[in-house]
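In the text below, chain A, chain B and the rest are named by the order of the sequence lines, each starting its count at 1. Owing to the predicted nature of the structure, the values given are computational and were not obtained by experimental measurement.
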There are 2 protein chains.
Amino acid sequence: MKTEEKIIIAARRIFREKGKDGARMQEIADQAGINKALLHYYFRSKDVLFDKIFKQEIQEVMHQILATISDQTDFRNFLYAFIREYLRNIAPRRNVIRFVLWEADKKKDQFVNYLSESFQEHGFSGNPIIGRITRAIEEGEIRPCDPVNLVLSILGMSIFPFMAAPIMERIFTGLDFTDQAFIEHRASEISALIWNGVKPEV
Amino acid sequence: MKTEEKIIIAARRIFREKGKDGARMQEIADQAGINKALLHYYFRSKDVLFDKIFKQEIQEVMHQILATISDQTDFRNFLYAFIREYLRNIAPRRNVIRFVLWEADKKKDQFVNYLSESFQEHGFSGNPIIGRITRAIEEGEIRPCDPVNLVLSILGMSIFPFMAAPIMERIFTGLDFTDQAFIEHRASEISALIWNGVKPEV
DNA sequence: GTCTATACATCGATAGAC
DNA sequence: GTCTATCGATGTATAGAC
């Protein structure tokens, strides 16, 4: 494996776990199997290395998620498919989400820019979920509601439990957020809750 | 104001914003209007100071939240009252939540212990929300569902958007997570969504 | 490209005067 | 209790040989 690649992998691991301030260049070098000097040879400084990792993490998560979005079905199926894929992507990346959300506070502008870039790269103008919800309301697929609040709810239900998984697993003993069956179960629970909440009156 | 108090206030501010690793004893001393030596005189080390703050933050949030829980009404009102009070407490503490969730990963056992202590102090055995949901299901107030998943959803919808407020406000321009009207609106949106999702079939 | 050795800054913590 | 001054450890970054 190329040295640069080894560094990237090591840096990701350390940054995700300890954050920028807690990470040590020495530890990254150790885990990459090189020394500090070489680390600085490839990436001028800790700042440069961090920014690179930070950007990569966001882009990768966004790419995974946006690639699964499809407009081609009715809202109920769209909702379920989106949430299921969302959870499948987020669940194994609990550390990434936690890390990004913590660090993003200090780099708000960059963060939002990376999001916008991802949207554009996938051909979306603006938030694709908002768009789909708005259309569903217009076409009477669901009851009128506030699209933004609905998106906030979907994001919260999907992201939060997995982001806080290590803690949640200790509060609700017996849960295993890495178990595939649990992930699928949770996806259908979220979908059902939302669908019941927004489906048109009969 | 007493010196110790000034230190606590300053330390909270700094730790919330920058985390344990990012915080500097010098900055805490500066903001408390004293010097480093005196800071170490009151709290032996950074570790000791941090643990104290970490514990206080958790206990205070939990106390505020648990104090508002009342079992005395039907589930729909219980739900709305709880979420409304929950948001009112969480919204002005976005930094605390973000900080606690970030740091709790390294101190999982302490964190869960503090939670348990808070539950007990308020006379709850186990998670009070789980208990209320279970009762509601038994008594036919709501449709049968998985209480744990429902709690995860409630927590996610409530905590996540506010925890990520600075970012969300940039993604969904125009939102103001500190605005009282928005908070109340969001509380009723969450309640409505959940209630529609779990209310018994007519 | 990769290493050893080291410079330079900063941080947490302490000694000691008042 | 509060200060100034400073120590010792550690972190980022670089110089220079290979």
Side-chain angles (χ1 to χ4, degrees), chain A residues 1-57 95 98-100 102-107 110-111, chain B residues 1-58 95-96 98-100 102-107 110-111:
Chain A
M1 198 190 310
K2 287 196 67 177
T3 302
E4 188 168 334
E5 198 181 342
K6 286 193 291 186
I7 295 176
I8 295 281
I9 292 173
R12 276 186 177 174
R13 256 184 63 94
I14 307 290
F15 278 135
R16 281 177 194 167
E17 192 185 330
K18 312 199 170 181
K20 180 179 177 180
D21 293 323
R24 296 287 161 250
M25 295 297 267
Q26 181 64 61
E27 197 179 353
I28 295 175
D30 288 346
Q31 211 156 107
I34 57 169
N35 55 53
K36 278 194 293 182
L38 197 55
L39 189 52
H40 281 86
Y41 171 79
Y42 276 92
F43 303 88
R44 190 178 310 275
S45 68
K46 188 181 183 180
D47 273 319
V48 171
L49 177 58
F50 174 81
D51 286 342
K52 187 128 185 163
I53 301 293
F54 183 62
K55 183 175 184 176
Q56 271 191 15
E57 295 281 32
N95 265 325
R98 171 175 160 273
F99 159 72
V100 168
W102 170 255
E103 300 290 350
D105 241 49
K106 308 170 215 160
K107 311 246 180 188
Q110 277 111 308
F111 179 76
Chain B
M1 197 189 313
K2 288 195 65 175
T3 302
E4 188 168 335
E5 199 180 341
K6 286 193 290 186
I7 295 176
I8 295 281
I9 292 174
R12 276 186 176 174
R13 256 183 62 96
I14 307 289
F15 278 135
R16 281 177 195 168
E17 192 185 330
K18 312 198 169 181
K20 180 179 177 180
D21 292 323
R24 295 288 161 249
M25 295 297 268
Q26 182 64 60
E27 195 178 356
I28 294 175
D30 289 345
Q31 209 155 110
I34 58 171
N35 55 53
K36 276 195 296 181
L38 197 56
L39 189 52
H40 280 86
Y41 171 79
Y42 277 90
F43 304 87
R44 190 178 310 277
S45 67
K46 189 181 182 180
D47 273 319
V48 171
L49 178 58
F50 174 81
D51 286 343
K52 187 129 186 162
I53 301 293
F54 183 61
K55 182 176 185 177
Q56 271 192 15
E57 295 281 32
I58 294 168
N95 263 325
V96 183
R98 171 174 161 273
F99 159 71
V100 169
W102 170 254
E103 300 290 350
D105 242 49
K106 308 170 217 162
K107 310 248 181 187
Q110 277 112 306
F111 179 75

List for me each residue that meets salt bridge (charged side-chain N to carboxylate O under 4.0 Å, His left out) alongside [X], sequence neighbours excluded, and say none if there are none.
| X | value |
| --- | --- |
| Lys18(B) | Glu27(B) |
| Lys106(B) | Asp21(B), Glu103(B) |
| Lys20(A) | Asp47(A) |
| Arg98(A) | Asp105(B) |

### Query
Do any of residues 11-19 of chain A sit with a heavy atom less than 4.0 Å from DNA chain C, and if so which?
none
Could you tell me the separation between the [atom1] atom of [X] and the [atom2] atom of [N], rounded to a whole number of Å?
| X | N | atom1 | atom2 | result |
| --- | --- | --- | --- | --- |
| Ile28(B) | dT10(C) | CD1 | P | 18 Å |
| Arg24(B) | dA9(C) | CZ | P | 17 Å |
| Lys20(B) | dG12(C) | NZ | P | 11 Å |

### Query
What pairs with Asp51(B) under side chain to side chain contact (heavy atoms under 4.5 Å, CB included), at least two apart in sequence or on another chain?
Lys107(B)
### Query
Any ring-ring contact (aromatic ring centres under 6.0 Å, His included) pairs touching residues 22-47 of chain B, not counting sequence neighbours?
none
### Query
What pairs meet the ring-ring contact (aromatic ring centres under 6.0 Å, His included) rule with one or both residues in residues 11-38 of chain B, with sequence neighbours excluded?
Phe15(B)-Phe50(B)
### Query
Do any pairs count as a salt bridge (Lys or Arg N to Asp or Glu O under 4.0 Å) and have a residue in residues 34-45 of chain B, sequence neighbours left out, and if so which ones?
none
### Task
Would you mind listing every salt bridge (Lys or Arg N to Asp or Glu O under 4.0 Å) that reaches into residues 1-10 of chain A, with sequence neighbours excluded?
none
Dump every N/O contact between nucleotides 13-15 of chain C and the protein below 3.5 Å, one line per pair.
residue	atom	partner	partner atom	Å
dA13(C)	OP2	His40(B)	NE2	3.0
dA13(C)	OP2	Lys46(B)	N	2.8
dA13(C)	N6	Lys36(B)	NZ	3.2

### Query
With a 4.5 Å heavy-atom cut-off, do Ile7(A) and Leu38(A) have their side chains touching?
no
### Query
Across the strands shown, which category fits Ala23(A) at heavy-atom distances under 4.0 angstrom: base, sugar-phosphate, nothing?
sugar-phosphate
### Message
Reading DNA chain D in the 5' to 3' direction, which nucleotide is the first one with an atom under 4.0 Å from a heavy atom of chain B, and which is the last?
### Response
dG1(D) to dT4(D)
